[in-house]
Amino acid sequence: MTSSLRRGRPRRASHISVRVVLALVGGLIGVVWLVLPGVTGRGQGRVAGGAARAVAGGVGQGEVGETSAADLVMPMLAVVAVAVLAGYGFLRRRRRARGRTTPGGAPVPGTEPEIGELDERARVLLVRADDWVRVSREELGFVEGRVGLVADRPEASIGAADVEPFTRVLRDAEAELAVAFRMRWQYEGGVPGETAARRHVLAGILGRGEEAGRLLDGQAAAFDQVRGLEEGLGGGLGEALAVAEGRFRELAGRTGGADAVLRGLAERYAASATAAVTGHVEQAKDRLVFATARLNHARQSADLGELERAAGQLRAAEGAIAQAAVFVDGIDRLAGELATAAEMVPAALTGGEAELTVARESAPGVGDAYVDVPPGELRARVRHADVVLAGVREELISGPYDPLDLLRRIVRGVGPVVAGRGGVIAAAALVCAHSALAGADDVVATHRAAVGGEARTRLAEARRLLAPASVPAGRSPRRELADLVTADTLAQQARDLAEQDIRTHGHPVDGPGADAIGLAGAVLGGVLLGGQPNGGPPVSFGGPRTRERRGDTTSA
């Protein structure tokens with residue numbers, strides 16, 4: 001991809017050449033006008049042969065002086081004109097220099113924005129770009145659901161081939177965003193250290209984020225055509241409403257079951273085990289209440305022929321339904337993770353003991369497995385791991401416990417003495433990291449209007465560490481285990497920062513009935529753009545230009 005700095009740099013070589021030629025021509029004209037009167041004056045009063053005599057019809061001495069003075073007027077005007085043009089060109093170049101970089105891309109001293117300003121712009125753009133990608137993924141999911149709904153109908157108005165271009169562009173936008181987040185994470189870690197290089201990194205982050213938005217905007221109009229919401233109830237709008245209403249009914253039924261699952265988990269495990277999903281049932285119901293109202297308004301508007309308004313209502317309902325699904329799915333997923341962790345705890349204890357045995361045998365004379373660990377340091381690690389495992393055994397026997405917490409403690413206690421085989425300890429670390437990542441992502445997805453860049457950057461880095469492609473060939477099991485532990489830590493930090501942002505953000509909508517109809521939750525979740533008493537317009541597939549062209553079509 002072409003650098004944003006290179007794309008925005010004007011080509012000025014030809015303009016500079018033109019200005020140089022004009023200046024030289026103007027100067028030459030001025031010189032000619034200055035020399036010409038002297039040549040003419042010296043030639044008057046002489047005839048061929050060199051005899052000096054009066055010329056017929058000649059003028060007197062006074063007239064000659066007046067003529068010479070008059071002849072100097074035009075040359076002086078030419079010199080003044082050249083000076084004015086040169087000054088004008090200089091001022092134009094100076095003004096342009098204030099808003100550009102040098103041809104090599106290095107900032108012109110004193111003309112670029114302060115690095116703090118660039119830092120803030122990059123942070124804000126990353127948040128917005130992350131929202132563009134998340135919203136586009138949500139709406140694309142409903143279009144894919146529509147493909148499944150009409151797949152068995154010969155007259156189907158949309159097929160899998162129609163959706164493929166948007167799946168591809170979304171994947172490309174996600175790749176641009178992932179690189180931008182990676183650059184941001186390194187920047188926050190102090191890499192690179194030089195000011196000029198850090199400025200360049202910020203410019204790169206801005207370029208990547210803008211490119212993600214441009215990619216999505218480039219397909220937004222085609223996406224709207226495929227959706228066909230302007231076709232009314234007999235076309236795309238009717239099919240989209242059927243998909244949304246089907247998902248709504250499914251979630252309404254699952255919400256009651258999720259509540260029962262959550263109560264069962266609370267009876268079986270310690271309170272900390274279910275803290276991550278406490279309140280999920282209530283929040284899912286809140287989003288479904290909002291979706292109910294918007295689906296009803298969408299059908300009413302469609303019946304009245306107000307298709308644009310109906311489309312806006314439908315998009316708002318789809319966003320709320322998608323977030324209700326996140327809350328319900330989060331409970332079911334956590335139930336599975338706790339069950340898996342509970343089964344792994346005994347095996348992890350056994351595997352931890354085996355690792356400690358190897359470490360104790362290697363402690364007196366450091367072997368190949370611990371060649372990089374001093375003997376005293378290794379013995380200290382073994383003693384610490386012994387204490388951790390003893391505490392886990394005691395808690396496992398004493399009563400209700402948090403399986404994920406026990407598994408995490410085993411991994412972090414034994415990890416520093418793992419000899420390089422990994423085994424069950426690495427598997428346990430993977431379970432913990434995936435659980436933390438999914439939980440943090442749920443918080444961001446359902447409260448995106450409040451969550452800032454720090455949480456999202458850590459979440460993106462944790463996701464990168466857990467991606468299969470991020471593990472290079474030949475990576476040692478010990479290094480891989482360290483990456484899993486780091487991903488787990490970053491995901492937990494991302495969740496903590498996101499929840500802190502939510503508390504700071506506060507209540508997004510004031511007014512009677514806002515909570516009763518789920519409006520506050522929809523604005524906090526980013527389903528509506530906010531800023532208006534009714535919550536503002538809905539979000540949709542696309543980037544910044546798509547949001548700008550969306551009108552407020554959600555008024556009840």
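All values below were derived from every heavy atom in this structure, side-chain atoms included, with hydrogens, water molecules and symmetry-related copies excluded.
Donor-acceptor pairing under 3.5 Å is recorded for the side chains of S435 and E337. Checked by atom type, the side-chain pair H505/Q500 shows no donor-acceptor distance below 3.5 Å.
Judged by distance alone, with hydrogens and angles left aside, the side-chain atoms of R381 form a donor-acceptor pair with the main-chain N or O of P416 at under 3.5 Å. Listed for the R495 side chain is no donor-acceptor partner under 3.5 Å among the backbone atoms of A436. A distance-only check finds a donor-acceptor pair linking the side chain of D217 to the backbone of R545 [under 3.5 Å]. Side-chain atoms of T446 do not come within 3.5 Å of backbone N or O of G525 as any donor-acceptor pair. Put simply, the side chain of R208 never gets that close to the backbone of V179: no donor and acceptor are under 3.5 Å apart. Judged purely by atom type and a 3.5 angstrom limit, Q219 has no side-chain atom pairing as donor or acceptor with the backbone of P165. Judged purely by atom type and a 3.5 angstrom limit, R227 has no side-chain atom pairing as donor or acceptor with the backbone of V143. Remark: the backbone N or O of V127 is not paired with any side-chain donor or acceptor of R448 at under 3.5 angstrom. At least one donor-acceptor pair closer than 3.5 Å links the side chain of D162 to the backbone N or O of G159. At least one donor-acceptor pair under 3.5 Å links the side chain of D501 to the backbone N or O of G452.
A distance of 11.0 Å separates NE2 in H280 from CG in D332, rounded to the nearest 0.5 Å. To the nearest 0.5 Å, atoms CZ (F142) and CZ (R137) are separated by 14.0 Å. In this structure, CG on D259 lies 5.5 Å from NZ on K285, to the nearest 0.5 angstrom. Within the model, atoms CZ of R409 and CG of D402 stand 9.0 Å from one another, a figure rounded to the nearest 0.5 Å. For the atom pair R182 CZ and E461 CD, the distance stands at 4.5 Å (nearest 0.5 Å). A distance of 12.0 Å separates CD in E211 from CG in L177, rounded to the nearest 0.5 Å.
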Decide side-chain contact (heavy atoms from CB on, under 4.5 Å) for R299 and L241; before the verdict, give the C-alpha distance in whole Å, the side-chain angles of both, and the deciding distance to 0.1 Å. CA-CA 8 Å; R299 285 222 172 256; L241 275 168; 3.9 Å; yes

Could you please spell out the steps behind the salt bridge (charged side-chain N to carboxylate O under 4.0 Å, His left out) verdict for R134 and E139? CA-CA 9 Å; R134 288 177 180 276; E139 190 170 3; over 6 Å; no

F290 and I321: side-chain contact (heavy atoms from CB on, under 4.5 Å), yes or no, with the steps? CA-CA 9 Å; F290 176 84; I321 292 168; over 6 Å; no

Would you sort out whether T546 and L216 count as a side-chain contact (heavy atoms from CB on, under 4.5 Å), showing the intermediate values? CA-CA 9 Å; T546 304; L216 295 173; over 6 Å; no

Start with the C-alpha distance between H434 and L430, add both sets of side-chain angles, then the distance that settles side-chain contact (heavy atoms from CB on, under 4.5 Å), and finish with yes or no. CA-CA 6 Å; H434 275 301; L430 187 62; 3.5 Å; yes

Show, in sequence, the C-alpha distance, side-chain angles and deciding distance for R184 and D119, and conclude whether the salt bridge (charged side-chain N to carboxylate O under 4.0 Å, His left out) test is met. CA-CA 10 Å; R184 179 69 191 188; D119 186 12; 2.6 Å; yes

Verify salt bridge (charged side-chain N to carboxylate O under 4.0 Å, His left out) between D224 and R315, making sure each step is shown before the conclusion. CA-CA 12 Å; D224 287 348; R315 281 192 169 96; 3.0 Å; yes

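For the pair D441/R463, a side-chain contact is recorded, criterion being any heavy-atom separation below 4.5 Å from C-beta on. The closest side-chain heavy-atom distance from L251 to L288 is below 4.5 Å. You'll find the side chain of D172 reaches within 4.5 Å of the side chain of R168, heavy atoms only. At least one side-chain heavy atom of L349 sits under 4.5 Å from a side-chain heavy atom of L389. For the pair D483 and L466, the minimum side-chain heavy-atom distance is 4.5 Å or more. Between D131 and V539 there is no side-chain heavy-atom pair separated by less than 4.5 Å. Side-chain atoms of V201 and Q186, non-hydrogen and from C-beta on, never get closer than 4.5 Å to each other. Between R456 and V444, the closest side-chain pair of non-hydrogen atoms falls below 4.5 Å.
Screening E499, Q283, Q323 for a side chain to side chain donor-acceptor pair (under 3.5 Å) with H447, the sole residue that qualifies is Q283. Looking at D496, L497, T489 one by one, the single match for side chain to side chain contact (heavy atoms under 4.5 Å, CB included) with R458 turns out to be L497.
At most 12 heavy atoms of other shown residues, nucleotides or ligands fall within 6.0 angstrom of atom CZ in R268. In the displayed structure, E164 atom CD is contacted under 6.0 Å by more than 12 heavy atoms of other residues, nucleotides or ligands. Summarising the local packing, CZ of R412 is surrounded by more than 12 heavy atoms from other residues, nucleotides or ligands at distances under 6.0 Å.
The heavy-atom pair separating A284 from V328 by the smallest distance is CB-CG2, 3.9 Å. Across all their heavy atoms, P403 and A342 have their closest contact at CB-N, 3.5 Å. Closest approach of L356 to A385, counting heavy atoms only: CD2-CB, 3.4 Å. What you find for V418 and I425 is that their closest heavy atoms are CG2-CG2, 4.2 Å. A316 approaches L528 most closely through the heavy-atom pair CB-CD2, 3.8 Å. The heavy-atom pair separating A498 from A455 by the smallest distance is N-CB, 3.7 Å.
Remark: R464 fails to qualify as a cation-pi partner of F181 under the 6.0 Å distance and 45° angle criteria applied to the six-membered ring. In this structure, R287 forms no cation-pi arrangement with F327, as its terminal cationic atom is not both closer than 6.0 Å to the ring centre and no more than 45° off the ring axis.
Aromatic ring orientation, Y401 versus Y269: perpendicular (interplanar angle above 60°, classes split at 30° and 60°).
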